[in-house]
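For reference, the structure is listed below as structure tokens.
Residue numbering restarts at 1 for every chain, and letters A, B, ... go by the order of the sequence lines. What you are looking at is a predicted structure, and each value in this text was computed from that prediction instead of being measured. Values reported hereafter were calculated over all heavy atoms of this structure, with side chains retained and with hydrogens, waters and symmetry mates removed.
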Protein chains: 2
Amino acid sequence: MDELDTEIVRLLQTDARQSNRELARRLGIAPSTCLERVRTLTRRGVIRGYHADINPADLNRGVQALVSVQIRPLSRTVINTVKDDVSGMPEVISVFVVAGGDDLVLHVGVPDLDRLHAFLLDRLSKRKEIVGFRTSVIFQHVHNTALSRLET
Amino acid sequence: MDELDTEIVRLLQTDARQSNRELARRLGIAPSTCLERVRTLTRRGVIRGYHADINPADLNRGVQALVSVQIRPLSRTVINTVKDDVSGMPEVISVFVVAGGDDLVLHVGVPDLDRLHAFLLDRLSKRKEIVGFRTSVIFQHVHNTALSRLET
DNA sequence: AATGAAAGCCCCGCTAC
DNA sequence: GTAGCGGGGCTTTCATT
């Protein structure tokens, strides 16, 4: 990861669909060099994939929330089971396994508040390992789509 | 947003860099039709962009946390000011504006725990409007990168 | 590790249906 | 929405440095 690699990933974070030629032009290097760099970054696992950013409203996820979940008993297997279970639910956008007062934090997206209520009561409450949760409805979500590499 | 559009956005969420030809082949439609669909989806704001997914460790963000923040006074302008301020900090990956016991939830990523501590004390605590926060260190983060469209 | 040339493929506007 | 065509641009490989 030299400075050229850092710049490549920054540009690809901003626009993943720009052509290799365009990318090379912006970096001031030959397209073949650029292509080789990108392939190496992909092979090393630095670049994990390329994803379209879709407006949540158009996926019927106009209502989103963060749900902090408490789990008991607190064992590795129980946490993993619950995590795998909830991460497979269609309403769940992402799952954080955390330390602190909570054990999991779920980012969920649904069409309306009724569906949020139904998700909490019919899906989460059904699991005996989930002994409590707290829901924070999301008004806004701003995402940094061009993360810089921090100095160590 | 008919079923073809839904399938297009699903495929582009999974791999944003596949060619229009490849996309059309998978959908069983003509490339020209596919290109026109993608352009319309982009123009309508359904497709908001394309982003490379970079391994956080390679951006020196091996330590991540969710920070729940309380703000006072609770006015629109104060919340917006704090939100804009923190979303510009390099450590901040995303910011949720929420309802409930908390006012903001920050997803932050830093190289190590010392830097997390420094972020909390030197950056957050300096703001008088931030009257309290609670930090949950993240052990794992699983993301759903192919969100389906929910039925209404 | 980087380059430039060359072959092949893809994009995309155009046309007609 | 589909199909075919063609110019121009892009991708990718490879010999060379």
Q: Classify the angle between the aromatic ring planes of B:Phe96 and A:His141 as parallel (below 30°), tilted (30 to 60°) or perpendicular (above 60°).
A: parallel
Q: Spell out, as yes or no, whether a donor-acceptor pair under 3.5 Å connects the side chain of B:Thr135 to the backbone of B:Leu66.
A: no
**Q.** Distance-only donor-acceptor check, side chains A:Arg134 and A:Gln70, under 3.5 Å
**A.**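 No pair is found: no donor N or O on one side chain lies under 3.5 Å from an acceptor on the other.
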Q.
Among residues 16-40 of chain A, which ones have heavy-atom contacts with DNA chain D below 4.0 Å?
A. A:Ser19, A:Asn20, A:Arg21, A:Ser32, A:Leu35, A:Arg39
Q: Answer yes or no: does atom NE2 of A:His143 have more than 12 heavy-atom neighbours from other residues, nucleotides or ligands under 6.0 Å?
A: yes
Q. Among the clusters formed by ILVMFWY side chains lying less than 4.5 Å apart, do A:Ile138 and B:Val95 turn up in the same one?
A.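 No; tracing contacts between hydrophobic side chains, which count when under 4.5 Å, never links both residues.
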